[in-house]
J.: 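Before we start, here is the structure in question, set down as structure tokens.
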Amino acid sequence: MRLAPEVERDVAPPIHQAIKRIAARSNYATTLDGAGFNTMDAEFGHRLAEGHPSEWSPKMLYQAWRICKRYRGQLANEGIDFDALPAPPNPYDGVVTMVIDNSRMDDAGVAQLAPPRSSTADRRCVLVRDRAGIPLEFAIAFEYNPALVEAIKMLPRRAWNQVTKRWTVPASTDLLSELNDFLHNYGFHGDHDTVTFMQECLLSAREQREQAEAMAELSRAKVSEFDVPTMSKVDQYGRPQSLKPCQRAGIEYAVKAKRTFIGDQQGIGKTAEGIGTVEHLSAFPCLIVCKNRLKPNWARELAKWVPHRSVTVLGARPDLFASSSDFVIINYEALSKFKVFLHGRQWASVMVDESQKLKDPSAIRTTAVRKLVEAQDPEVRLLLTGTPIMNNPGEFVAQIVILGQMDAFGGSPKAYKRRYVNGMNLQALNDTLRKTCYIRRTKSEVMTELEPKLLAPVTLELTNREEYARAEDDVITWIERHAAEDAAFVRTLDGMSTLARQEATKEHAADAGRRAARAEALGRINALKYLAVKGKLEPAIEWIEDFLESGEKLVVFGERVEIQRAIADHFPGCARLAATTRDGARPTTNGELYAEMDRFQTDPDCRLIVCGIDVGGEGFTLTAASDVVLMEFGWTPTGIDQAGDRCHREGQTDSVTVWHLLAENTIDDWIMELIDRKRRVVVAATDGQEVEEVELLTEIMKRLVEKRRAGAAA
């Protein structure tokens, strides 16, 4: 059987070159001595090297690739990276190739060796079961051969049984593929039970791989014909509605996965996807956990899509209807308060909105959700979030535990962190997530009519330049003083052993004084941020006035209550999604917040809305405007991106511009640059890319010192 043309053209040549490099060094040693093939591989290896890839069969190509894998160390010394070699199709996939014989088992459960019938007749592999018939391990027997011993030592989790004088490999499905290759390569025989067991397991593994690949493909699907007939075809106002093709694909994925993230970018419609999944699976009762101010939004969405279902929103007191409602909505803060009720009702599904709030495994809300799902083991668990991580891939861990999907990621949080944290293996993390429990599409992928957001920086002069400069100088002096202390500590490490240096460094970092110093550094940098926004407030208001003269609507986001109030008070007719009412005396209620949103969306005379990033950044639709202003910036890209997404979402017909108002010659510029770099870390795990992590506070402190030195040099 010849190779497929594309395989012969693209895959075989580099593998052939690698085989030739190994053959050139071969001295026919009987052990793996780092100099070419050993005796077991020499004859076949040289035949491969001397031939031409066009003469190879699929099995020969696959065995050549396996040989390269065994000698990857030598290839590295020759400048060839094995991982860069293309992997050929496995012709043995799902097929056991040992010779079946009819030898019997002795009393110890190990096969009696049959009389030799050929040069490999003494090589036997037998499945060992316990007295209940449960597969335990494979017993591998052969006459002593140094090269074969070296080869078997390359099998993962192999062990030598001193009692039976045989090698063993656990009967684990994740080890069967490599074991099958080894047995085939070296001509082993097995009884019918052994071969049948391996055949069934390998075929099952292949089916699972195919299903996983199908799930990964579905996790990126833009369209689907999947339908949920019981979802309403008209909204609560009697207007026609239907699921969009991308939402149908999202529901199809979640229905198949059952325990999954719904991680679509904001604006695609995760709420409808979550509701549709629960409705299609009839997974009632369903508990919905969300932020307190988003409870009305969930109630409105349920009334829109499944008006025939009963809904209870838990407030300050227990509700009698909560014991029988199809959907029960509760905020994070009330989980502990209603613990008895929550654990007393058997939930068929649990849906958590903004699940990135569960990133800290020790947080009260995370613990409450985890204990609930562990105690009740609901079949359906949905975590909805447009931003699954905010700082690094480690923030997935607690959420994966809540989903009950940790087996796919190493089996434990410790194993997960070893594999994926610190920016490592992000592509592998993304692949495993999509095959298991993660659907993610961006608006640019599924909403082709919605153009990407345009980011437009606007530099404003400071009105408090001298005050800011003095504060900046004080911060730099403080940083340099602590840097000198760190330099003195580094000098104390001279002459220490590696282990002693590591322990000393660990103790230094954990020192309470060091932690306090870092907290003080953050406070000083935040004080600089405040002076920057305070100094640009007056010119920012002027910029807003100029913009509003165009007749267009505008959304303004601020972080501090003082800044939000100053802008809103300057424009008395504006709408507000901020942390204060018009008199600034108390927080707004959910009803007031949604009334302000509706006023901005529907009233043509209401052309400005002032929002707090923490209040207006999630759960609200502000598509009446296509321009967003950011007055302040946090320490992560999440708040910034969510602010722009209030306008850049389903229902928007114009391109959206996000105006970044930056104070000239301040840390504003650095923060935006570094946040953009941090955004790439988020994208790395959610969209499967590699990136270098950045620590914002440390980087800003470094740049402040460099700024002073550059000024002194000038």
Side-chain angles (χ1 to χ4, degrees), residues 265-269 271 293-294 296-297 300 386 442-444 447 449-458 460 536-537 539-559 563-580 582 588 592-634 637-662 672:
Q265 188 180 12
Q266 292 190 26
I268 289 179
T271 302
R293 61 177 180 77
L294 293 180
N297 188 62
R300 291 170 68 172
T442 63
K443 288 184 290 188
S444 62
M447 292 182 175
E449 75 281 1
L450 189 60
E451 298 180 11
K453 286 176 290 189
L454 174 64
L455 306 182
V458 177
L460 303 175
K536 68 184 176 186
L537 178 59
I541 289 176
E542 293 177 1
W543 188 94
I544 294 170
E545 287 176 334
D546 291 339
F547 180 89
L548 291 176
E549 288 181 0
S550 68
E552 299 293 330
K553 292 201 174 196
L554 182 67
V555 180
V556 176
F557 277 91
E559 185 173 328
I563 301 302
Q564 300 167 28
R565 184 181 303 157
I567 296 173
D569 288 348
H570 189 84
F571 301 94
C574 72
R576 306 184 184 206
L577 292 180
T580 59
R582 287 183 173 76
T588 53
E592 289 175 317
L593 289 172
Y594 281 97
E596 291 291 88
M597 179 193 76
D598 290 339
R599 184 164 72 93
F600 179 75
Q601 285 286 88
T602 60
D603 184 354
D605 294 327
C606 181
R607 293 188 288 111
L608 176 67
I609 186 167
V610 179
C611 308
I613 288 180
D614 58 338
V615 176
E618 300 171 343
F620 294 97
T621 296
L622 302 174
T623 51
S626 60
D627 290 89
V628 180
V629 166
L630 292 177
M631 282 289 298
E632 304 174 81
F633 319 106
T638 304
I640 294 174
D641 293 344
Q642 288 184 339
D645 283 343
R646 295 310 96 210
C647 297
H648 190 259
R649 61 196 297 109
E650 180 183 353
Q652 180 59 260
T653 58
D654 299 326
S655 60
V656 173
T657 301
V658 181
W659 305 91
H660 293 170
L661 303 190
L662 308 176
M672 289 309 301

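What you see is a predicted model, and the numbers here were worked out from it, not measured in a lab. These numbers come from the heavy atoms of this one structure, side chains and all, not from hydrogens, waters or symmetry mates.
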J.: Is there a side-chain contact between Val556 and Cys574, using heavy atoms and a 4.5 Å cut-off?
T.: no
J.: Side-chain contact test, heavy atoms from C-beta onward, threshold under 4.5 Å: evaluate it for Asp645 versus Val656 and give yes or no.
T.: no
J.: Once you measure the plane-to-plane angle for Phe547 and Trp659, does it fall in the parallel (<30°), tilted (30-60°) or perpendicular (>60°) bin?
T.: perpendicular
J.: When rounded to the nearest 0.5 angstrom, what is the spacing between CZ in Arg576 and CD1 in Ile609?
T.: 11.0 Å
J.: Check whether Glu596 reaches the backbone of Leu577 with its side chain - one donor and one acceptor, N or O, closer than 3.5 Å.
T.: no
J.: Just jot down the salt bridge (charged side-chain N to carboxylate O under 4.0 Å, His left out) partners of Lys553, sequence neighbours excluded, or say none.
T.: none
J.: Report yes if the side chains of Met631 and Leu537 come closer than 4.5 Å at any heavy-atom pair, otherwise no.
T.: yes
J.: Sequence neighbours excluded, which residues qualify as side chain to side chain donor-acceptor pair (under 3.5 Å) partners of Glu545?
T.: His570
J.: So does Gly558 get a backbone contact from the side chain of Gln564, meaning a donor-acceptor N/O pair under 3.5 Å?
T.: yes
J.: Partners of Asp598 by side chain to side chain contact (heavy atoms under 4.5 Å, CB included), sequence neighbours excluded?
T.: Arg300
J.: Check ring pair (Phe, Tyr, Trp, His ring centres under 6.0 Å) between Phe571 and all other residues, then give those that pass, not counting sequence neighbours.
T.: none
J.: Could you list the residues that satisfy side chain to side chain donor-acceptor pair (under 3.5 Å) with Glu632, not counting sequence neighbours?
T.: Arg560
J.: For the atom pair SG (Cys611) and CD1 (Ile613), what is the distance rounded to the nearest 0.5 Å?
T.: 10.0 Å
J.: Grab the two heavy atoms, one from Cys606 and one from Gly573, that are nearest each other, plus how far apart they are.
T.: SG-O, 4.3 Å
J.: To the nearest 0.5 Å, tell me how far Thr623 OG1 sits from Phe600 CZ.
T.: 9.0 Å
J.: Using atom types as modelled and distance alone, determine if a side-chain donor or acceptor of Glu552 lies under 3.5 Å from a backbone N or O of Ala625.
T.: no
J.: Once rounded to the nearest 0.5 Å, what's the spacing between atom CG of Leu661 and atom CD1 of Ile541?
T.: 11.0 Å
J.: To the nearest 0.5 Å, tell me how far Ile567 CD1 sits from Ile544 CD1.
T.: 4.5 Å
J.: What side chain to side chain donor-acceptor pair (under 3.5 Å) pairs are there with at least one residue in residues 602-611, not counting sequence neighbours?
T.: none
J.: If you compare all heavy atoms of Val628 against all heavy atoms of Leu554, which two are closest, and at what distance to 0.1 Å?
T.: N-CD1, 4.4 Å
J.: Going from CG on Leu630 to CG on Leu662, what distance comes out if it is rounded to the nearest 0.5 angstrom?
T.: 9.5 Å
